Asker: 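Got a structure here, written out as structure tokens. Questions coming.
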There are 2 protein chains.
Amino acid sequence: MSTTIRDVAKRLKLSITTVSRALDGYDDVAESTRELVISTAREMRYVPNRAARQLRRQRTETIGYILPAEGTGFTDLFFSEFIAGLSDEATLGHYDLLVAAAPPDSKAEKELYKRWVQGGKVDGIIVNRVRLSDWRLHFLSRQHVPHVSLERSLSHLDFVGVEVDSLSGLLELIAYLVSQGHRRIAYIGGGSDLKIDHDRFAGYQAGLEAAAIGSDPVLVVRSNITSEDGYRAARQLLDLANRPTAIVCINDLTAIGAMHAAHERGLMIGRDVSIAGFDGIADAAHTEPPLTTLEQPVYTVARQLAHMLLAMIAGTPLETKQVRIQPKLLIRSSTGRA
Amino acid sequence: MSTTIRDVAKRLKLSITTVSRALDGYDDVAESTRELVISTAREMRYVPNRAARQLRRQRTETIGYILPAEGTGFTDLFFSEFIAGLSDEATLGHYDLLVAAAPPDSKAEKELYKRWVQGGKVDGIIVNRVRLSDWRLHFLSRQHVPHVSLERSLSHLDFVGVEVDSLSGLLELIAYLVSQGHRRIAYIGGGSDLKIDHDRFAGYQAGLEAAAIGSDPVLVVRSNITSEDGYRAARQLLDLANRPTAIVCINDLTAIGAMHAAHERGLMIGRDVSIAGFDGIADAAHTEPPLTTLEQPVYTVARQLAHMLLAMIAGTPLETKQVRIQPKLLIRSSTGRA
DNA sequence: AGAATTATCCAAAACGTTTTGGATAATTAT
DNA sequence: ATAATTATCCAAAACGTTTTGGATAATTCT
């Protein structure tokens, strides 16, 4: 029912070839013919059928991102800032963004990747929250589909993307806390299979070592990197007889949850206990008190990743295939003296 | 490079037709042949090419949602909960979700709708933040593309979707505030072209009238429905010589911004000034103090809209084309006695 | 004048799937 | 034995675009 190229051709008594070539700017079409075709196509409200174009050109003009969590992950500010960046850059590059959510290593996750990649639904994929050994990256390489990732996987050598120097960020944060007199510093992490946990925990440990502070296993608690679980983990830490004076969290969301736990205890954050996070999400500035955090520009990083992916899809040589960024320590009121 | 149906046919020395019919469960294929085809296809890792399938079947198995704001809108909890619902329901229905963001009535918005609809990129579209006169709904109807919306437009009779009884919600909220002794109640709204502003403002006014309270124009301030602009609008209200004792906001985000403005003034929210919002986003429970709000189950509503849309696309008769929900007043600590 | 080249148009193939309208052998009914 | 029916397979068309490999008339060169 929509106007097709055949309709335009019929109206002008030209061939489909001529109409196609006129619209696509080929040089073997007379200028007068080209102008006639263009104005008639516009008048008939012709828009190319994307399935047909995709089938013929072997190109979807779509990139995909599968959020590695339940659907509720869309409300996680880290993920939503990330999607904002992907969407803006995709639109700028005249590409569309397909999104879905599926818990890591779930059947749903595997099905989606297979359908989107092997079924030719997207031209490329962005991966984040990379695992130390990530089946997704192996699969994407094996399928020869353009992909970029935020963080590299240890088992995957073919890395194109952005990585954050979490180790040095955490070193800096721990050093700062130690300079404030803290010696009993806790860590709320994520799943141990995650690259960010590996790096951030390593930074936490290195920071303690640098300050000649022994690490105490009871001060390390795992979470599923949600506000709720940060809250639970913090309660566990605050229940200790010899509780920590500072809590370093794997990200801002868990830190915000930890803050709720401290508020609930009637503790004054920044005085009775210091709390810090990572990511620098917008909410972190608006918590009570504002959260000390290691900021990485999530939105900008996402745009950069999308930009790199579009270049890969277009076959344009990337100026740089691997970008390493330095998180910036933002000291706010949620951390104070021990 | 991917396996095609032709490859499977060649391997088995069958026709493409037989392979297609075997995979699709037609009854004119011998059972032994069918099983052979299925196992061979699996072994050869055959996945149907979606462009070809889409072209032939005239179906994309994709629904679209264009967030009516700048890309930063993805971090707005109302929109992100909405997308979470759309994504979960789409995945359940074996559909994919295409997303983008574009400011209302912008050239980008028009381009995206045209490309996605006339170009056949999606089978249906979900619209929210409906305007009193909404070009999007007219366009979608004219194009005969399945669509649903959260709220109806006044100028559009062909409504399928969900609407929220904002009028009665606001009536209840105003009545509650009046019962707490408030008589100088302000309203922070949105653009006057928005249906939700029209309804919520009407409820605000009706509530004041019901309490025999005259309306004072200086107590009504417009915003662009962001936390930042709620903050700006609240400052304007709090600067008044005879400032309001209660501020009712068009949504939770503007209320959260208003709360920041009050905190900044050293005002105790719930005592010195009462603040209320609308939506019931997850953050509202975690503000300091927790926000009084008119809750609508955004995630659930989004799933319902997606469910209705998928039924429309499938040609399945909808049990009910128009759903009306009642927001629920959640009284929390951000509102107190005047 | 005739050969070579160029400008400008077009038919058909291609992309990969599904559907249509068969062909043919086997089976059943008369 | 022959006609009618059924089971099971297949070639080609279709979807709508782009590309390939032309055809033909006009122009330029010798």
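All values derive from a computational prediction rather than experimental measurement. Proteins come first, then strands; the chains are lettered A, B, ... in the order of their sequence lines, and each starts at number 1.
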Asker: Please confirm whether the shortest side-chain N or O distance from A:R50 to OP1 or OP2 of D:dT17 is below 4.0 Å.
Answerer: no
Asker: Picking from C:dT18, D:dC9, D:dT17, which would you name as closest to the side chain of B:V29?
Answerer: D:dC9
Asker: Can you tell me if the side-chain N/O atoms of B:T33 get under 4.0 Å from OP1 or OP2 in D:dC9?
Answerer: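 Yes, within the criterion.
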Asker: Both B:R56 and B:T17 contact DNA chain D. Taking the nearest nucleotide for each, which residue is further toward the 5' end?
Answerer: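 Taking each residue's closest nucleotide, the earlier one in sequence belongs to B:T17.
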Asker: Closest to the B:R21 side chain: D:dT17, C:dT20, C:dC10?
Answerer: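 Of D:dT17, C:dT20, C:dC10, C:dT20 is nearest to the side chain of B:R21.
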Asker: Side-chain N or O of B:Y26 versus OP1/OP2 of C:dT18: is the shortest distance under 4.0 Å?
Answerer: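 No, no such contact exists.
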Asker: So does A:I313 get a backbone contact from the side chain of A:R59, meaning a donor-acceptor N/O pair under 3.5 Å?
Answerer: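 Judged by distance alone, yes, a pair lies under 3.5 Å.
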Asker: Check the phosphate of D:dT17 against A:Y46, side-chain N and O only, distance under 4.0 Å to OP1 or OP2. Yes or no?
Answerer: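 The answer is yes; a side-chain N or O of A:Y46 sits under 4.0 Å from OP1 or OP2.
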Asker: If you assign B:A30 and B:L55 each to the DNA chain D nucleotide with the nearest heavy atom, which residue ends up on the more 5' nucleotide?
Answerer: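 Counting from the 5' end, the first nearest nucleotide belongs to B:A30.
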Asker: Counting N and O atoms only, with roles assigned by atom type, does the side chain of B:R34 sit under 3.5 Å from a partner on the main chain of B:Y26, one being a donor and the other an acceptor?
Answerer: yes
Asker: Do A:T60 and A:D123 have side-chain atoms, one donor and one acceptor, less than 3.5 Å apart?
Answerer: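 The answer is yes; a qualifying pair exists.
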Asker: What closest approach, in Å, do B:G85 and B:R303 show between heavy atoms, and which atom pair accounts for it?
Answerer: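 Where B:G85 meets B:R303 most closely, the heavy atoms are O-CG, 3.3 Å.
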Asker: Any side-chain N or O of A:R57 under 4.0 Å from OP1/OP2 of D:dT18?
Answerer: yes
Asker: Below 4.0 angstrom from OP1 or OP2 of D:dT17, is there any side-chain N or O of A:S20?
Answerer: no
Asker: My understanding is that a pair needs two contacts under 3.5 Å, Watson-Crick or G-U wobble. By that rule, which nucleotide pairs with D:dG22?
Answerer: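 Paired with C:dC9.
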Asker: I need the CG-C1' distance between A:D27 and C:dC9, as an integer number of Å.
Answerer: 13 Å
Asker: Nearest-Å distance, CD1 (A:I5) to C1' (D:dA14)?
Answerer: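 After rounding, the reported distance stands at 17 Å.
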Asker: Tell me whether the side-chain N/O atoms of A:S15 come closer than 4.0 Å to OP1 or OP2 in C:dA11.
Answerer: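 For C:dA11, neither OP1 nor OP2 has a side-chain N or O of A:S15 closer than 4.0 Å.
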Asker: B:D28 has an atom CG; how far is it from atom C1' of C:dT20, in whole Å?
Answerer: 12 Å
Asker: Any chance you could measure B:I63, atom CD1, to B:L97, atom CG, to the nearest 0.5 Å?
Answerer: 5.5 Å
